[in-house]
Amino acid sequence: MLFGLRPIQEALSAGRTLEKIYLLRGTKNSITQEITELAKAATIPVSLVPLEKLNDLTRKNHQGAVAFVSPIDYAPLDSILAGLFEAGKTPLLLLLDRVTDVRNFGAIARNAECLGVHAIVVPSRGAAQINGDALKTSAGALNLIPVCREPNLKETISFLQHSGVQVVACTEKADTSLETASVDFTGPVAVLMGSEEDGISPEYLRLADYKVRIPMAGQIGSLNVSVASGIMLFEVLRQRLMSVDK
């Protein structure tokens, strides 16, 4: 944790990766303005909060500013994708829409690393904080797999599609069931998973190239998102391994 306007400003200027910044609501001066501008350029979320929130975060003299330092460095998606194509690899990406539970995120990262995902993409707002709990739950996967923080998932989906990557949304509302293997996962693909509470945002569902649902045999109608991601990614790996064997 960093606290104080000047330390946070200096951290941003030095290019340190911050997870989130909290600023006292109503404060306006040259330093807070610079912090806001630098954070926006680095796609670091900034929340304007009351004094009580800052006091809950730390009892130190925070001067109306508190920030959390990220334990990982975020990677630029365009560079990751270009590097994969240049290396002759078939991209497999995982897009997470509003997955906010830290332990779920860690478990998803572990699934992703084990099943061959090249990068995880999260929105700059409304995503789980990457902290010690996330790292522990990921069993070290977050030290191995790149995480890309994007300011606008709608634009990200469009960018991927224009780059030749098909976007496949996992949703219980889909007509197509995963076991039919009607969606070809052997090409460049980004799997889109949504939050446990609301699923995938309707605007992102409309943009997806394909929508698939995981078949269910029990009475409960949905899976934990970390479990669902593992099932989806296994199907991608299964198809790719089968195509290699042919």
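Hydrogens, waters and symmetry mates are skipped; everything else that's a heavy atom, side chains included, is used.
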Are the side chains of Lys20 and Gln129 in touch, meaning some heavy atoms are under 4.5 Å apart? no

When rounded to the nearest 0.5 angstrom, what is the spacing between CZ in Phe234 and CD in Gln239? 10.5 Å

Quick one: which of Leu233, Leu93, Val191 gives a side chain to side chain contact (heavy atoms under 4.5 Å, CB included) with Val117? Leu233

For the residue pair Asn131 and Glu19, confirm or rule out a side-chain donor-acceptor distance under 3.5 Å. no

When you look at CZ of Phe68, are more than 12 heavy atoms from neighbouring residues, nucleotides or ligands closer to it than 6.0 Å? yes

Under the side chain to side chain contact (heavy atoms under 4.5 Å, CB included) rule, what do Leu77 and Leu160 come out as? Steps first, then yes or no, please. CA-CA 9 Å; Leu77 178 59; Leu160 291 172; 4.2 Å; yes

Starting from the C-alpha separation in whole Å, work towards a yes-or-no answer on side chain to side chain contact (heavy atoms under 4.5 Å, CB included) for Tyr74 and Thr43. CA-CA 10 Å; Tyr74 290 96; Thr43 67; over 6 Å; no

Return the CG to CE distance between Leu237 and Met232, rounded to the nearest 0.5 Å. 13.0 Å

Answer yes or no: is there a side-chain heavy-atom contact under 4.5 Å between Leu178 and Phe185? yes

Ser158 vs Leu207 side-chain heavy atoms within contact, under 4.5 Å: no

Quick check: closest heavy atoms across Ile200 and Arg98, and the distance to 0.1 Å? C-NH2, 3.9 Å

Taking the side chain as every heavy atom from C-beta outward, state whether Ser195 and Val225 have any atom pair closer than 4.5 Å. no

Does any part of the side chain of Val121, heavy atoms only, come nearer than 4.5 Å to the side chain of Leu153, both counted from C-beta? yes

Is it true that Glu37 and Lys40 make a salt bridge, defined as a side-chain N closer than 4.0 Å to a carboxylate O? no

Between Thr90 and His118, which heavy-atom pair has the shortest distance, and what is it? O-CE1, 3.1 Å

With the 4.5 Å side-chain cut-off for hydrophobic clustering, are Leu115 and Ile108 part of the same group? yes

Between the CD1 atom in Ile130 and the CD1 atom in Ile72, the distance rounded to the nearest 0.5 Å is 3.5 Å

Are Ile120 and Val99 connected in the hydrophobic side-chain network, where two residues link if heavy atoms are under 4.5 Å apart? yes

Testing the basics here: between Arg149 and Pro45, what is the closest heavy-atom pair and its distance to 0.1 Å? NH1-CD, 3.8 Å

Quick one: does Asp209's side chain get under 4.5 Å of Val189's, heavy atoms only? no

Test side chain to side chain donor-acceptor pair (under 3.5 Å) on Glu179 and Ser177; report intermediate values, then the result. CA-CA 6 Å; Glu179 87 281 358; Ser177 191; 2.3 Å; yes

For a quick test of reading the model, state the closest non-hydrogen atom pair linking Thr137 to Arg103 and the distance between them. CG2-O, 3.2 Å

Closest non-hydrogen contact found for Ala39 with Ile21 is CB-CD1, 3.9 Å

Inter-residue atom distance Tyr204.OH - Leu192.CG, 0.5 Å rounding: 9.0 Å

Glu196 CD to Asn224 CG distance, which is reported to the nearest 0.5 Å: 4.5 Å

Heavy atoms, side chains only, cut-off 4.5 Å: are Leu57 and Phe3 in contact? no

Where Asn29 and Leu5 come nearest, the two heavy atoms and their spacing: ND2-CD1, 4.2 Å

Can you tell me how far the CZ atom of Arg125 sits from the CD1 atom of Ile44, to the nearest 0.5 Å? 11.5 Å

I'd like to check Leu2 versus Arg16 (side-chain heavy atoms, cut-off strictly below 4.5 Å). Are they in contact? yes

Run Gln166 and Val183 through side chain to side chain contact (heavy atoms under 4.5 Å, CB included) and show every step you take. CA-CA 10 Å; Gln166 68 176 8; Val183 176; 4.2 Å; yes

